[in-house]
Amino acid sequence: MMGFFSNLFAKQNCAVCGKECGTLHRSKLRDGQFLCDDCGNKCSKYIRLSELTLDEAKEHMEYMARMKRVFDEVFDKTEFRVNAYPSTPTQMGLVFCDELGMLYIDDRTGGRGKMPELIRYDQIASYEEYLDETPAKEPGQEPTLNGGGLKLKLVQPRSITEAQTQRGMHPHPYIKQELVICFSKRDRREIGYAHIARQHLDHIFGVHDNETSLFGRRMSKAEERELKGQMGMIGAMGAVASAAMKGGQLSEQEKARFVENINLANDAQTGGMAVYSRRADEAFAKVQ
């Protein structure tokens, strides 16, 4: 029995950095190896390290290191408008940057995982507000607030649907579980920001793009996008025909116009999501 406890509490070497780590300062991987807390903090806090092998953990840490560079060098330095909900989070919050096609989870709850978490808009499968309350024990009393905010489900590699693919969605590379973004556990005012954040997501995902003005004098946003997409496809086909007549050659100006027309067609096909996908791709490409 003593031998069992000795082995249980024996120090182990971290499989990444080699540092000795005790039971309370390490995480066990799926293949039986260990990560010290310092290396564990280089991983996302929204994954279970016990589900990863050492090779998978190393690959994940490389991805998170690149994400930190995107956050430090691009997201955190953007000159474009960024909307934060709540504006001064005490628990968790969301920071949107439409010009980069991604959001940042501002998590101040502590625990393992110290790396910035960026979620691309095209990785979000669904979202909803939530409010967790315990009913009042006595009539006239207020219910007990346990928390509230937003729940996000991300696109999964093994269950991505045809509709999601057509919409231009992309699977998230590592987060499997639903993300519960708790804005507050005490302040109902901060929880109220969840409604505003959901409205912002509605805008991103074009929930109201099919609505027209009160008197119907203008096309809806979706109709305008569809018309531009049709014109873009016609323009792209014309460029292909022109290139064929010129022996496959296009001027730089013609090439730029061709790309612009293809983008218009993709925007129409994906309901506008392709715009955000291109912006996110460009942000990550800056730190290759």
- request: Carefully, step by step, assess Lys77 and Asp72 under the rule salt bridge (charged side-chain N to carboxylate O under 4.0 Å, His left out).
  value: CA-CA 7 Å; Lys77 293 183 178 180; Asp72 292 340; over 6 Å; no

field: Check: Tyr193 ring centroid to His195 ring centroid under 6.0 Å
entry: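 So the answer is no for these two rings.
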
query: Less than 6.0 Å separating the ring centroids of Phe183 and Tyr85?
result: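 When the ring centroids of Phe183 and Tyr85 are compared, they turn out to be at least 6.0 Å apart.
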
- request: Identify the two heavy atoms, one from Ala197 and one from Leu150, that lie closest to each other, and give their separation to 0.1 Å.
  value: CB-CD1, 3.6 Å

Would you say [X]'s side chain and [Y]'s backbone share a donor-acceptor pair under 3.5 angstrom?
{"X": "Gln177", "Y": "Tyr46", "result": "yes"}
{"X": "Gln166", "Y": "Ala163", "result": "no"}
{"X": "Asn41", "Y": "Gly113", "result": "yes"}
{"X": "Glu282", "Y": "Arg279", "result": "no"}
{"X": "His60", "Y": "Ser44", "result": "yes"}
{"X": "Arg69", "Y": "Val287", "result": "yes"}

Could you measure the distance from the [atom1] atom of [X] to the [atom2] atom of [Y]? Nearest 0.5 Å is fine.
{"X": "Glu73", "Y": "Arg66", "atom1": "CD", "atom2": "CZ", "result": "11.0 Å"}
{"X": "Lys176", "Y": "Ser159", "atom1": "NZ", "atom2": "OG", "result": "11.0 Å"}
{"X": "Gln33", "Y": "Ser27", "atom1": "CD", "atom2": "OG", "result": "13.5 Å"}

query: Name the one of Phe96, Tyr276, Phe284 that satisfies side-chain contact (heavy atoms from CB on, under 4.5 Å) with Met102?
result: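 The option that passes is Phe284.
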
Lys114, NZ atom: more than 12 neighbouring heavy atoms under 6.0 Å: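 Yes - once you tally the heavy atoms of other residues, nucleotides and ligands closer than 6.0 Å, there are more than 12.
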
Hey, are [X] and [Y] close enough for a salt bridge, meaning a charged N less than 4.0 Å from a carboxylate O?
{"X": "Asp37", "Y": "Arg26", "answer": "no"}
{"X": "Glu260", "Y": "Arg257", "answer": "yes"}
{"X": "Asp267", "Y": "Arg278", "answer": "yes"}
{"X": "Lys68", "Y": "Glu117", "answer": "no"}
{"X": "Arg225", "Y": "Asp209", "answer": "yes"}

query: How about Leu100 and Tyr121: do any of their side-chain heavy atoms sit closer than 4.5 Å?
result: no

- prompt: Do the side chains of Cys97 and Tyr104 get nearer than 4.5 Å, heavy atoms only?
  reply: no

- prompt: Going by atom types alone, do His25 and Asp38 pair a side-chain donor with an acceptor below 3.5 Å?
  reply: no

query: Between Glu133 and Thr144, is any side-chain donor less than 3.5 angstrom from a side-chain acceptor?
result: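 There is no such pair (donor and acceptor under 3.5 Å, judged by atom type) between the side chains of Glu133 and Thr144.
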
task: Go through Glu99 and Thr78 one step at a time and tell me if the side-chain hydrogen bond (donor to acceptor under 3.5 Å, both in side chains) criterion holds.
output: CA-CA 9 Å; Glu99 292 299 327; Thr78 182; over 6 Å; no

message: Set out, in order, the CA-CA distance, both residues' side-chain angles and the distance that settles salt bridge (charged side-chain N to carboxylate O under 4.0 Å, His left out) for Glu51 and Arg30, then state yes or no.
response: CA-CA 5 Å; Glu51 297 179 350; Arg30 181 159 58 89; over 6 Å; no

message: Does anything in residues 140-166 form a salt bridge (Lys or Arg N to Asp or Glu O under 4.0 Å)? List the pairs, not counting sequence neighbours.
response: none

